[in-house]
Amino acid sequence: MHLSLSDPILVAEAPFLEETGVDRWGQYQFPVIDRLLDGRIAVTFHVQADSALSYGVTPRQPNRGISADGGGTWSLGRSLEPVAGLLLPNGERLRAGDAGVNPRAQPVKGLKLPRLVGTDIGTYGQQRFDYFRHDELPPELQGVPLARFPRGGSEWIIERARLDDPELLRYTVEGVFPVLWWGDVHVLPDGALLAVVYPSQIAGAEFTRGHCVCYRSADAGRSWQVQGRILFRPDAAADPHAAGRNGFGEPASVVLRDGSLLVVLRTTDGLGVGPMYLTRSLDGGSSWSPPRAFRPTGVMPRLLRLGNGVLVLSSGRPGADLSFSLDGHGEQWTALQPLVRLASPGVQDDSCGYTSLLALDEETFLVAYSWFKRPDASGVPRKAVLVRRVTVRL
């Protein structure tokens, strides 16, 4: 493998930490890279508190960098223009899970909620979660928030797709009821859509555990049915906190060349750093191999299959990094390629650890990430959102 990694390219730099308090968790981090409809590249990042109270809230300050030259230079703005989304076989485009699609979390006060299934205390901040059956909720709290751009249309149409999942639970937290559905969506050879998503607590004895679920849609995303579940089955030998974990979350999924599905999962939670797990499906997401802990740490894993067959995995915490599966199967990975210079080994406060990937051609991609202590022109550490251009040749 020949690896070429550009110098970091600045997308956005936070104001001085001591003047603005932007060193708070949640601001100038969590970057997502995508294309706009006109082909320009956008990196959208978080500028609000990392809280359910921020879901669906339109930011009042710049939260997006836009590049018209393939990621070489960036101009700042607000994320008012939707990203291009997924092109469907029928010529429509679909967006699911992005900040412009997920609705604002509704205050619990005033909602007519069904019988409470149960309550749990999360590992982050000891927050209380109250769970309710999805199919018993009011219509505005059910389904999948989507946006559709019709073929030949002129604007995005907000939709709420039907979600057929009799076991699914949804929750309240921080006094609000969020409606979230997050994960990668893929177009299969037969034209159907497949998505591996979270959060996905399910009714029964394990309702407090986070699982991930594979949904399939045969009608261009207007309804979704359960294809299979990835149940939380932690490895106690790989994780001393396995028994107390929140469960699986932040699934990254990819369809491999042979048609199988590969998924990488996060377990890091308020108990501390946890391993990432890997599982695969050979039958279109109906059944899954036992999840295997394959890396001791990592949050928000991202997967990208390049045209030359190389599989890219990015993740972080501590720092941010890349690794590669040269045969594209995802069992063997190269050593980690760090993107952030850590102040000391193992520190977790140098980056949010969230990354995002965008292919430019068959062997080149952009990776977006954050660095919390990037020296500015005066040498003052400031939070920054960065990209690098990466080329992988076999």
Check: [Y] main-chain N/O paired with [X] side-chain donor or acceptor under 3.5 Å:
X	Y	value
Arg317	Ser351	no
Ser370	Ala384	no
Gln127	Val173	no
Arg245	Pro234	no
Arg305	Val255	yes
Arg93	Leu37	no
Arg229	Leu231	no
Glu250	Arg266	no

Nearest heavy-atom pair of [X] and [Y]: which atoms, and what distance?
X	Y	value
Asp98	Arg95	OD2-NE, 2.9 Å
Val392	Phe324	CG2-CE2, 3.5 Å
Asp350	Trp371	O-CD1, 3.2 Å
Pro301	Met276	CB-SD, 3.8 Å
Leu80	Pro82	O-CD, 3.6 Å

Distance alone, cut at 3.5 Å: any donor-acceptor contact between the side chains of [X] and [Y]?
X	Y	result
Asp269	Thr267	no
Thr44	Arg64	yes
Tyr277	Asp235	no
Lys383	Gln27	no

#### Entry: Aromatic ring pairing Trp181/Trp224, orientation class (parallel under 30°, perpendicular over 60°, tilted between)
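Rings of Trp181 and Trp224: tilted, 30 to 60°.
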#### Entry: Trp25 and Phe372 aromatic ring geometry - parallel, tilted or perpendicular at 30°/60° bounds
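Taking Trp25 first and then Phe372, their aromatic rings stand perpendicular (interplane angle over 60°).
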Are [Y] and [X] connected in a single hydrophobic cluster, I mean Ile/Leu/Val/Met/Phe/Trp/Tyr linked by side-chain heavy atoms less than 4.5 Å apart?
X	Y	result
Leu278	Leu311	yes
Ile33	Leu76	yes
Val226	Leu163	yes
Leu146	Leu168	yes
Met1	Leu303	no

Drop me the distance from [X]'s [atom1] to [Y]'s [atom2], to the nearest 0.5 angstrom.
X	Y	atom1	atom2	answer
Asp164	Arg216	CG	CZ	14.0 Å
Leu357	Asp34	CG	CG	11.5 Å
Ser200	Trp182	OG	CH2	14.0 Å
Phe207	Thr119	CZ	OG1	7.0 Å
Gln337	Arg388	CD	CZ	7.5 Å
Lys112	Glu140	NZ	CD	11.0 Å

### Task
Decide yes or no on side-chain contact (heavy atoms from CB on, under 4.5 Å) for Ser315 and Asp321, but give the supporting numbers first.
CA-CA 6 Å; Ser315 66; Asp321 51 63; 3.5 Å; yes
Can you confirm whether more than 12 heavy atoms, excluding those of [X], are under 6.0 Å from its [atom1] atom?
X	atom1	result
Arg341	CZ	no
Arg78	CZ	yes
Arg222	CZ	yes

### side-chain hydrogen bond (donor to acceptor under 3.5 Å, both in side chains) between Ser323 and Thr334, intermediate numbers included
CA-CA 5 Å; Ser323 59; Thr334 64; 5.2 Å; no
[X] vs [Y] side-chain heavy atoms within contact, under 4.5 Å:
X	Y	result
Tyr28	Pro15	yes
Val43	Ser356	no
Tyr354	His46	no
Trp288	Leu261	yes

### Task
Scan for ring-ring contact (aromatic ring centres under 6.0 Å, His included) pairs involving residues 144-169, sequence neighbours excluded, and state none if there are none.
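For residues 144-169: Phe149-Trp156.
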### Query
Where do Arg104 and Val57 land on the side-chain contact (heavy atoms from CB on, under 4.5 Å) test, with the steps shown first?
CA-CA 6 Å; Arg104 189 163 185 168; Val57 176; 3.5 Å; yes
Cut-off 3.5 Å, no hydrogens considered: what does the side-chain donor-acceptor table look like for residues 359-367, sequence neighbours left out?
residue : atom : partner : partner atom : Å
Asp361  : OD1  : Glu363  : N            : 2.9
Asp361  : OD1  : Thr364  : N            : 2.8
Asp361  : OD1  : Thr364  : OG1          : 3.1
Glu363  : OE2  : Arg393  : NE           : 3.0
Thr364  : OG1  : Thr391  : OG1          : 3.1

### Task
Give me the one residue out of Phe177, Tyr171, Tyr124 that meets ring-ring contact (aromatic ring centres under 6.0 Å, His included) with Phe129.
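That would be Tyr171.
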### Message
Going by side chain to side chain contact (heavy atoms under 4.5 Å, CB included), Val254 matches just one of Leu262, Asp184, Val196. Which one?
### Response
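One option only clears the test, and that one is Leu262.
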